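Following: one structure in structure tokens, then a few remarks.
Given the structure is predicted, the values throughout are model-derived calculations rather than measurements.
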Amino acid sequence: MEFGYFTLSDNHYKDNPRSANQFITEIREQAILADKLGYHSAWVGEHHFDSLGVNSRPDLLLASIIPETKHIRLAPAVSVLPLHHPVHVAETWATLDLLSGGRVDFACGRGYDPREYAPFGANFMKSAEYFEDAMDVILKAWNTGGPWSHKSEFHDIPKMEITPLPVQKPIPFYVASFSKTSLDMAARKGLNIIWAPFAAGMTYGGLDKAVVAYKEACEKYGTKPGRMMCSYFIYIGGE
């Protein structure tokens, strides 16, 4: 079993004297320490406008720890795809994969807060459709051997290819699942999946039942189940 460092960058606590700026620097220090302690990975959340977490750019934060770490894998928790152009996302994480020597794990989700959508002009009511289309663009960008194009309701991308390309072939790709819709997408595309246990409990009645649902969906679509992961909040104290 492998353990990673995970934070949503949540700073909403009663009478909390810690500023957002302070907390972001602390997250960086904790991720560097996690590498020294032998943790497998660092998963850093993306949230905007202090709606929950205070870190809007997990890519920049994780890029800053690359020179300070040797082994830990670098992952967003998660990249909220409907807020971004997928080509930009593909370029960003491919660059991090190159600079880190192939240490990126990519995870994406739809998000759940309309307040994060509005300032970007993103359509919350079309989030599922955009999310799936954006995943298709990223997968093409990373895995097509040569120029590619993409035309859909949301994107009209002429024949091109990104630079740099990822070091890993392929970058491990996880879909965050708070809903049956996202689980179905992961299974249909043969992608890995990651849950928050409380969400799995609300949607499926438990993490074990969510695992069964994912495996059954993969069987339905004729795909091989990917890696299944979950996040837990654990307090570690010491003298």
Side-chain angles (χ1 to χ4, degrees), residues 4 6-8 10 41 43-48 51-53 58-59 75-86 88-90 92-93 104-117 120 122-143 150 152-155 170-233:
F6 163 67
T7 177
L8 288 174
D10 183 5
S41 47
W43 300 74
V44 178
E46 176 192 329
H47 281 287
H48 298 269
S51 63
L52 175 66
D59 54 338
V78 294
S79 178
V80 186
L81 286 191
L83 306 185
H84 306 287
H85 194 291
H88 195 184
V89 174
T92 297
W93 290 95
V104 162
D105 283 348
F106 182 71
C108 60
R110 291 163 54 194
Y112 50 81
D113 192 342
R115 293 174 298 175
E116 293 189 311
Y117 275 63
F120 290 107
N123 186 345
F124 186 75
M125 300 309 295
K126 282 276 191 176
S127 64
E129 294 88 345
Y130 187 97
F131 179 52
E132 182 163 21
D133 192 59
M135 281 196 286
D136 289 340
V137 171
I138 293 170
L139 290 167
K140 281 184 179 181
W142 287 345
N143 302 321
H150 184 88
S152 67
E153 175 185 354
F154 304 101
H155 301 103
I171 288 180
F173 197 123
Y174 292 83
V175 177
S177 175
F178 270 43
S179 68
K180 294 180 180 179
T181 301
S182 297
L183 180 146
D184 197 66
M185 290 180 193
R188 191 166 64 251
K189 298 177 188 299
L191 298 174
N192 305 312
I193 194 164
I194 190 166
W195 290 283
F198 79 89
M202 289 190 304
T203 305
Y204 297 99
L207 191 58
D208 57 336
K209 295 180 177 62
V211 168
V212 170
Y214 170 63
K215 289 182 176 179
E216 289 178 344
C218 288
E219 183 177 359
K220 171 184 173 183
Y221 292 112
T223 57
K224 181 180 178 181
R227 192 175 191 195
M228 292 162 272
M229 294 180 62
C230 68
S231 58
Y232 275 101
F233 294 104

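- For Asp136, the side-chain hydrogen bond (donor to acceptor under 3.5 Å, both in side chains) partners are Lys189, not counting sequence neighbours.
- Every residue two or more places apart in sequence or in another chain that forms a side chain to side chain contact (heavy atoms under 4.5 Å, CB included) with Val89 is listed here: Ser79, Leu81, His84, Trp93, Phe106, Ile138.
- For the pair Arg110 and Phe178, the minimum side-chain heavy-atom distance is 4.5 Å or more.
- A search for ring pair (Phe, Tyr, Trp, His ring centres under 6.0 Å) contacts involving Phe124 returns Tyr117, not counting sequence neighbours.
- Taking each heavy atom of Val44 and Pro58 in turn, the nearest pair found is O-CB, 3.4 Å.
- By the ring pair (Phe, Tyr, Trp, His ring centres under 6.0 Å) test, Trp195 is found to be paired with no residue, residues two or more places apart in sequence or in another chain being considered.
- For the atom pair Glu129 CD and Ser152 OG, the distance stands at 11.5 Å (nearest 0.5 Å).
- With sequence neighbours excluded, no residue forms a salt bridge (Lys or Arg N to Asp or Glu O under 4.0 Å) with Lys209.
- Nearest heavy atoms, Pro225 versus Cys218: CA-SG, 3.7 Å.
- Residues satisfying the side chain to side chain contact (heavy atoms under 4.5 Å, CB included) criterion with Ser231, sequence neighbours excluded, are Phe6, Ala196, Pro197.
- Contact record, Ile193 with Ala186: CD1-CB, 4.3 Å, taken as the closest heavy-atom pair.
- Residues Ser177 and Ser182 approach most closely at CA-CB, 4.0 Å, considering heavy atoms.
- Of the options Asp133, Val137, Asn123, a side-chain contact (heavy atoms from CB on, under 4.5 Å) to Phe154 is made by Asp133 and by none of the others.
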Side chain to side chain contact (heavy atoms under 4.5 Å, CB included) between Phe173 and Cys108: does it pass, once the steps are laid out? CA-CA 8 Å; Phe173 197 123; Cys108 60; 3.5 Å; yes

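- For residues 212-226, the side chain to side chain donor-acceptor pair (under 3.5 Å) pairs, not counting sequence neighbours, are Asp184-Tyr221.
- For the pair Asn192 and Met229, the minimum side-chain heavy-atom distance is 4.5 Å or more.
- Remark: His155 engages His85, Tyr130 in a ring pair (Phe, Tyr, Trp, His ring centres under 6.0 Å) (not counting sequence neighbours).
- Counting only heavy atoms from C-beta outward, the side chains of Glu46 and Val78 never approach each other to under 4.5 Å.
- Partners of Arg115 according to the salt bridge (Lys or Arg N to Asp or Glu O under 4.0 Å) rule, which considers only residues two or more places apart in sequence or in another chain, are Asp113.
- Residues that satisfy the ring pair (Phe, Tyr, Trp, His ring centres under 6.0 Å) test with Tyr174, not counting sequence neighbours, are Trp43.
- Side-chain polar atoms of His47 and Asp10 form no donor-acceptor pair below 3.5 angstrom.
- When the salt bridge (Lys or Arg N to Asp or Glu O under 4.0 Å) test is applied to Glu116, no partner is found at least two apart in sequence or on another chain.
- Taking both residues in full, the closest heavy atoms of Pro82 and Ser127 are given as CG-O, 3.9 Å, listed atom of the first, atom of the second, then distance.
- With contacts defined as side-chain heavy-atom distances shorter than 4.5 Å, the pair Thr203/Ser179 does not qualify.
- With a 4.5 Å cut-off on side-chain heavy atoms, Met135 and Val175 count as touching.
- Remark: Thr181 engages no residue in a side-chain hydrogen bond (donor to acceptor under 3.5 Å, both in side chains) (not counting sequence neighbours).
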